[in-house]
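The next block holds one structure in the form of structure tokens; read it before the comments.
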Amino acid sequence: MSPHEVREEARTWGRWALGFGFGRTMIRLGARRGALSARLAIDPELHRDPVPGFEGLRRQGPLVVNGPMAAAVGHAACNEILRSEDFGVGGGHGELPVLLRRLLARISEPGVMGPLDPPSMLAVDPPEHSRYRQQVARAFTARKVGRMVDRVEEVAVRLLDELEGETGFDLVERYAALLPVVVISELLGVPEEHRERVLALGNLAATTLDPALTFRQYRAAEAAMRELHMMFAAHVEELRRDPGEDLLSQIITSDAPDPLSDTELHQVGLLVLGAGFETTVNLIGNAVVHLDRDPDQLAGLLADPDGWPNAVDETLRFDPPVQMTMRVAQRDTVVAGVALRAGMPTLVIIGGANRDPEVFADPHRFDVTRPNAAEHLAFSAGVHYCIGSSLARLEAATALRLLYERHPDLRVAGTPERRETRVLRGYERIPVAVRDGARAPASR
């Protein structure tokens, strides 16, 4: 290794040690002491099925303090924390002490910033968050999402046409992952020839949302983020020369009084790409697996296609693509009768809140006709509510409806393979089979 390479490796290790290594050590210590909130991050059994962890925490109360960290699992407590001005995201990596967060910020580099690094919208609070959100919100108005209905259907039908004649395939690789990548890439103006590479890199970058990343995993993720930033830098320059109708072009050409810097543009683009892909691919895959386990509910949806939007919300409730998020108390406060001191990291366990029996009757039953399914917190709440939630719902409902119209006998064949990530919950691979590879074209 050259001296330069040694320095770069040392900086990479430093970013991992502060951003993940410290947290990983604390999580392992907490798990050894029996803290369920820590076990959810590293226990293999709770990776396969986190619900026993949720319910164990719920027996301790809607909000539990374990040493230096609190964890909320009650729906009301989670909802209050997400909406309250007493809490914020703490500049990303809210689980770290303030001094370590400041040190991490000093050794960070714009070319490797991830979704939890400022100026990502996930890592900043108002007023910075409001400034970025106002720029992005123009792409996700109800009118603009409504105009995308036909395009989403076109993409889904084309993908299904490409599967004609096949009696088995990987649902994630061949369908669930491709549809949102096409839609989000078009939204950002990413050329078609770059989409496959962007998808692969985005998958790696998304692993940085997990708090217990190993150094090996982080190195791979940082290399992916570096390449993504380089791609976006070239993409932004091209859009400056020849803007289109996409979101980034609109931001670049806007007459906003405080325009985004190149670094901010990259972070906005990468977050929209990652969030727009990860949520939807996991949502589609999770729905297919749960419907496969309950053929009667699938039969009901085939008989009444108007039920697909509610089925999507029930999947978001029952098996949310984002299982948890972090907040930091901005000041001394009280939630669910529990006093939290200023600076205390608080884990908001969305997967647990969505199984709260005080809100959802028979919460451990997957029920696509559930009347209050949409009361889930899968898209967060408050100022950080998912800006692309309406598009994610549209993509998932359309993808599922057209998939089962084309292949009503589609079944999971074999054992689906879960992704390694804990914060993001979805499948790496879902082998499916259809009785006859040739079906009537999906309706439009």
Side-chain angles (χ1 to χ4, degrees), residues 82-83 85 88-92 105 108 110-148 151 180-181 183-191 194 198 202 205-206 209 225 228-280 322 325 379-395:
L82 292 172
R83 294 177 182 276
E85 293 182 358
V89 293
S108 67
V112 295
M113 286 178 174
L116 290 181
D117 298 314
S120 165
M121 280 193 289
L122 293 183
V124 295
D125 290 309
E128 293 89 350
H129 177 270
S130 304
R131 174 170 164 256
Y132 304 145
R133 191 177 181 96
Q134 287 167 3
Q135 297 270 14
V136 178
R138 67 186 72 190
F140 296 101
T141 63
R143 178 178 297 180
K144 289 198 173 181
V145 171
R147 290 175 183 167
M148 298 179 73
R151 180 55 182 152
V181 163
V183 173
I184 294 298
S185 293
E186 290 182 355
L187 184 68
L188 295 173
V190 176
H194 294 161
V198 165
L209 290 171
M225 290 186 293
L228 277 170
H229 277 282
M230 292 173 64
M231 292 177 69
F232 261 84
H235 181 51
V236 167
E237 284 305 306
E238 177 62 29
L239 293 179
R240 288 191 192 281
R241 290 191 296 268
D242 184 20
E245 299 298 321
D246 57 274
L247 171 62
L248 291 181
S249 292
Q250 292 176 36
I251 295 175
I252 289 169
T253 59
S254 75
D255 56 358
D258 189 10
L260 301 188
S261 68
D262 281 356
T263 297
E264 291 169 333
L265 269 172
H266 297 173
Q267 285 294 78
V268 164
L270 291 172
L271 181 60
V272 170
L273 175 71
F277 165 72
E278 293 293 342
T279 298
T280 308
V322 179
T325 188
F379 289 123
S380 190
V383 296
H384 285 277
Y385 182 79
C386 177
I387 200 168
S389 60
S390 57
L391 178 58
R393 283 186 167 104
L394 167 65
E395 289 179 287

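Hydrogens, waters and symmetry mates play no part in the numbers below; they use all other heavy atoms, side chains included.
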- Message: Can you confirm whether L122 sits close enough to L209 that some side-chain heavy atom of one is under 4.5 Å from a side-chain heavy atom of the other?
- Response: yes
- So which heavy atom on M113 is nearest to which on P119, and how close? SD-CD, 3.8 Å
- Task: Report the C-alpha distance between R393 and F379 in whole Å, list the side-chain angles of each, state the deciding distance to 0.1 Å, and finish with yes or no for side-chain contact (heavy atoms from CB on, under 4.5 Å).
- Result: CA-CA 11 Å; R393 283 186 167 104; F379 289 123; 3.8 Å; yes
- Any idea which heavy atoms bring R133 and Y385 closest together, and the distance? NH2-O, 2.7 Å
- Not counting sequence neighbours, which residues clear ring-ring contact (aromatic ring centres under 6.0 Å, His included) with H235? List them please. none
- Message: Check whether D117 reaches the backbone of G114 with its side chain - one donor and one acceptor, N or O, closer than 3.5 Å.
- Response: yes
- Task: Please tell me if the side chains of V183 and E395 come closer than 4.5 Å, counting only heavy atoms from C-beta onward.
- Result: yes
- Query: For the atom pair CD (E237) and CD1 (I252), what is the distance rounded to the nearest 0.5 Å?
  - Reply: 8.0 Å
- Item | Non-hydrogen atoms of P110 and T263 that approach each other most closely | CB-OG1, 4.2 Å
- Would you check, one step at a time, whether the test side-chain contact (heavy atoms from CB on, under 4.5 Å) holds for M148 with L391? CA-CA 8 Å; M148 298 179 73; L391 178 58; 4.0 Å; yes
- Message: Between S130 (side chain only) and P126 (backbone N and O only), is there a donor and an acceptor less than 3.5 Å apart?
- Response: no
- Query: Between the side chain of R131 and the main-chain N/O of D258, is any donor-acceptor distance below 3.5 Å?
  - Reply: yes
- Item | Side chain proximity check, T325 to L82, heavy atoms < 4.5 angstrom | yes
- Message: Going by the rule salt bridge (charged side-chain N to carboxylate O under 4.0 Å, His left out), which residues pair with R83 if we only count those two or more places apart in sequence or in a different chain?
- Response: none
- Message: I'd like to know if the side chain of E278 and the backbone of A275 have a donor-acceptor N/O pair within less than 3.5 Å.
- Response: no
- Atom CZ of R241: over 12 foreign heavy atoms under 6.0 Å: yes
- Message: What's the separation between atom OG in S120 and atom CG in L270, rounded to the nearest 0.5 Å?
- Response: 9.0 Å
- Query: Side-chain contact, heavy-atom cut-off 4.5 Å: L248 with F232?
  - Reply: yes
- Task: Can you see which heavy atom on A205 is nearest to which on P115, and at what distance?
- Result: O-CD, 4.2 Å
- For M121 and V136, run side-chain contact (heavy atoms from CB on, under 4.5 Å): C-alpha distance rounded to whole Å, both residues' side-chain angles, the deciding distance at 0.1 Å, then the answer. CA-CA 10 Å; M121 280 193 289; V136 178; 4.0 Å; yes
- Query: Once you round to the nearest 0.5 Å, how far does CG of L247 lie from NZ of K144?
  - Reply: 8.0 Å
- Item | Close side-chain approach of F140 and V272, heavy atoms under 4.5 Å | yes
- Where do G276 and P180 come nearest, in terms of heavy atoms and distance? O-CB, 3.9 Å
- Task: Rounded to the nearest 0.5 Å, what's the gap from OG on S389 to CG on L394? Could you check?
- Result: 11.5 Å
- For the student: nearest non-hydrogen atoms of V124 and H384, plus distance: O-CE1, 3.1 Å
- Task: Could you go through the side-chain contact (heavy atoms from CB on, under 4.5 Å) check for V89 and L116 one step at a time?
- Result: CA-CA 9 Å; V89 293; L116 290 181; over 6 Å; no
- Query: Taking C-beta and beyond as the side chain, do L265 and R240 meet within less than 4.5 Å on heavy atoms?
  - Reply: yes
- Would you say the side-chain atoms of S249 pair up with the backbone N or O of P243, donor to acceptor, closer than 3.5 Å? no
- Item | Side chains of L273 and L188 in contact at under 4.5 Å (non-hydrogen atoms) | yes
- Query: Can you find a heavy atom in the side chain of Q134 that is under 4.5 Å from one in the side chain of H129?
  - Reply: no
- Query: Would you find more than 12 non-hydrogen atoms of other residues, nucleotides or ligands less than 6.0 Å from E238 atom CD?
  - Reply: yes
